[in-house]
Amino acid sequence: MSENIIITFPDGNTKSVVKGISGFDLASQISKSLAKESVAIKIDGKISDLSLAINQDCKVVIIKRENDEALDIIRHDCAHVMAEAVQSLFPGTQVTIGPSIENGFYYDFARKEPFTLSDLPKIEKKMHEIVNKDEKFAREVWSREKAIKFFKEKGEEYKVELIQDLNPDEELTIYKQGEWLDLCRGPHMISTKQIGKGFKLMKVAGAYWRGDSKNAMLTRIYGTAWRNEKELEKHLQQIEEAEKRDHRKLGKEMNLFHFQEEAPGAVFWHPKGWQLFQSLINYMRLRQDRAGYVETSTPELLDKSLWETSGHWEKFGDHMFITDAKEEKVFAIKPMNCPGAVEVYKQGLKSYRDLPLRMSEFGKVHRYEPSGALHGLMRVRAFTQDDAHIFCTEDQITEESKIVCDLILSIYKDFGFDDVRIKFSDRPEKRVGEDVVWDKAEEALRQAMEATKLQYTLNPGEGAFYGPKLEFVLRDAIGRDWQCGTLQVDLNLPERLGATYVAEDGKKKIPVMLHRALFGSLERFTGILIEHYAGHLPLWLSPSQIVVATITSDSDNYAFDVKDQLLKNGLRSEIDIRNEKIGYKIREHSNSKIPIILAVGKKEAEDKTVSVRRIGSSETKVMKLKELINNLQKESASPIN
RNA sequence: GCCGCGUUAGCUCAUUUGGUAGAGCAGUUGAUUUGUAAUCAUCAGGUGGUCAGUUCGAUUCCGACACGCGGCACCA
């Protein structure tokens, strides 16, 4: 007589079943289609294999292929299948770890000869074979000794190291598929067949063992995996879409900027790119003026001793550019604006009445970034920060932080970024200052966050070396996250650099310094905007707003007249009177993302009208030039006017 | 910085056992005066990233370096 247990389903229904039933059999009892669709089971909140026996009363959620959690399992299964494929094709390759990640999975292998792109088709083919073999995933619990002995004999040194570092209380499980097995927590599906065909190997890369650059470099293979081929196809299309938006490609097509090897990581801004860059600065300057900031500018070169005092030298000296001046002094090109800001602050005695003092600077900084980190405008060695340092009392931290948060969110909105996340990074391991000071700084920032009532996530140990920080992450039009703004509470540098103010009681005190940047790097923000808008910048940011294109040379004079009037009314315009067909001109200017093309021919010249064509639309609208100017002046105004 | 891959005309790309390179677009010149995403012809354009090496001979094979691309690590 077998014992029964009670299963409770998410809808509250219960079912009495035989003890030891597998999740799969349970699903089968409900319906065949459910069994077919299910990939795993959650027992009392813990996700497990469908094959696992259920031995006690419990709450159960059957995870179906369509559920989000299923994707992780499919991807993880895929990683196992890839590892099997690799080891069968390339004997002697060691396996290390292979998790599921966003959009897919990877597996890190140790092999003398790293894999190359040309190995992927072979591996992928083998994977399909393994999937089709319908190998069952089997879970086994092994002792530490057995596992270590097994992997040692196989020459899997990395696995042995992983096992030795496992929490001793944790059950050690092995997952087998056919002949192949791997140390793994699971869960996995019933069989490899369930993976289906919706996967593809994407790229190979080097990756350090355990993510530490002191360790050996492994060879990583990335794959993407989905529920089916249709989803895979959709994902591949999204990648294509992202490639089309690549700011490096668009920057070339739109003639905004270039890089060259004589200045790695430094931007050559072309006239149009610089126009855009200046639009951003003008906008930010106006916003800051209105928010009570004063603007400064400080030297690019500062004596090394100042960086030693600030603490930058010790932590970032290797990443600073140093001058070879023809004198004994060593100068460093500034990697940050803060010491300069403090020196400006220190001129003249400051009273508590002067605080908060909000000092901004569009400071160009240079950082010797590792060569492998450089990436278009997104990661450069020379960039411009919309930096500011707010000197205030401890009591003012909360209020000032709140003002910065409000300002930043309002500014992002003007650029079409409504979805902004905030990360709170607290003290890192390597830092300056006493812990009591850090306690104070972190607490003040926490209070500020409470005052703003904004949601944030904790980012432990990621603060700056001198203080905790908030990081503002915005989400672009195709769902990618970009970290831009930052707010840092600094109770250390003002003291190190000797900043003081006279308090109400006549005694000298040390001010708090809030570092903040809103765009962060102007260069990077420009790149983000290009990708966010896919090059179709809104009119107020577009470097070239209008092109006047003639139909025939009869209209040249009128076209010049139109352009002059547009320019006089503050609209950035160009003229195209080349001896080409209008279709040719339209194609060319559309490709370079000019927002508005005005075609002018005989009719327009006679009527003092223009034929207006907007980018992204093939419609044309004939209107009086005056009317157009009127409309565009409103439309092209920056959002703050 | 580390691993892998790449670098051919202004741009986008061809050129397989090593025998000094082709196309389209852009440019020139000429014709055409054209109505909403490529008019026709003409000419010109390259020390194949740089430097070394193997070879009778290197864009092609080997090496170093530079820069770029994809990751990893880093990101005040």
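Chain letters run A, B, ... following the sequence lines, proteins first and then strands; every chain starts at 1.
With sequence neighbours excluded, the residues satisfying side chain to side chain donor-acceptor pair (under 3.5 Å) with T486(A) are Q488(A). Partners of S297(A) by side chain to side chain donor-acceptor pair (under 3.5 Å), not counting sequence neighbours: none found. Not a single salt bridge (Lys or Arg N to Asp or Glu O under 4.0 Å) links K563(A) to another residue, sequence neighbours left out. For Y533(A), there are no ring-ring contact (aromatic ring centres under 6.0 Å, His included) partners two or more places apart in sequence or in a different chain. For Q260(A), the side chain to side chain donor-acceptor pair (under 3.5 Å) partners two or more places apart in sequence, or in a different chain, are H258(A), E262(A). Residues that satisfy the ring-ring contact (aromatic ring centres under 6.0 Å, His included) test with F560(A), not counting sequence neighbours, are absent from this structure. Residues forming a ring-ring contact (aromatic ring centres under 6.0 Å, His included) with H312(A) (at least two apart in sequence, or on another chain): W307(A), F465(A).
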Strand RNA chain B as a dot-bracket string - pairs counted if Watson-Crick or G-U with both distances under 3.5 Å, | where the partner lies in another strand: (((((((..((((.....[..)))).(.(((.......))).).....(((.(..]....).))))))))))....
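With U36(B), A76(B), G35(B) as the candidates, the nucleotide lying closest to the side chain of K603(A) is G35(B). Of the listed nucleotides (U36(B), C74(B), A76(B)), U36(B) has the atom at the smallest distance from the side chain of S611(A). Between G70(B), C2(B), A37(B), one nucleotide has an atom nearer to the side chain of Y208(A) than all others, and that is C2(B).
With ring centers used as reference points, W209(A) lies under 6.0 Å from Y158(A). A ring-centre distance under 6.0 Å is not found for F109(A) and F90(A).
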I'd like to compare against my own output: the B/S/- annotation of nucleotides 61-69 of chain B with a strict under-4.0 Å heavy-atom distance to protein. -----SS-S
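Between the side chains of S555(A) and E604(A), no donor N or O sits under 3.5 Å from an acceptor N or O.
Classification of the Y456(A)-F424(A) ring pair by plane angle, with boundaries at 30° and 60°, yields tilted.
Remark: S213(A), M217(A), R220(A), Y222(A) in residues 212-223 of chain A come within less than 4.0 Å of RNA chain B through at least one heavy atom. Of the residues in residues 420-432 of chain A, none has a non-hydrogen atom less than 4.0 angstrom from any atom of RNA chain B.
When all heavy atoms of G463(A) and S425(A) are compared, the closest pair comes out as N-CB, 3.5 Å.
Taking atom C1' on both nucleotides, C11(B) is separated from G46(B) by 14 Å, rounded to a whole Å.
Toward the 5′ end of RNA chain B lies the nearest nucleotide of I586(A), the other residue of the pair H319(A) and I586(A) mapping further downstream.
Legend: salt bridge (Lys or Arg N to Asp or Glu O under 4.0 Å) pairs involving residues 421-435 of chain A, not counting sequence neighbours, sorted by first then second residue: D419(A)-R421(A), R427(A)-D435(A), R427(A)-D439(A), R427(A)-E442(A), R431(A)-D435(A).
Stacking of Y584(A) onto the six-membered ring of A38(B) is not present when judged by under 5.5 angstrom between centres and under 30° between planes.
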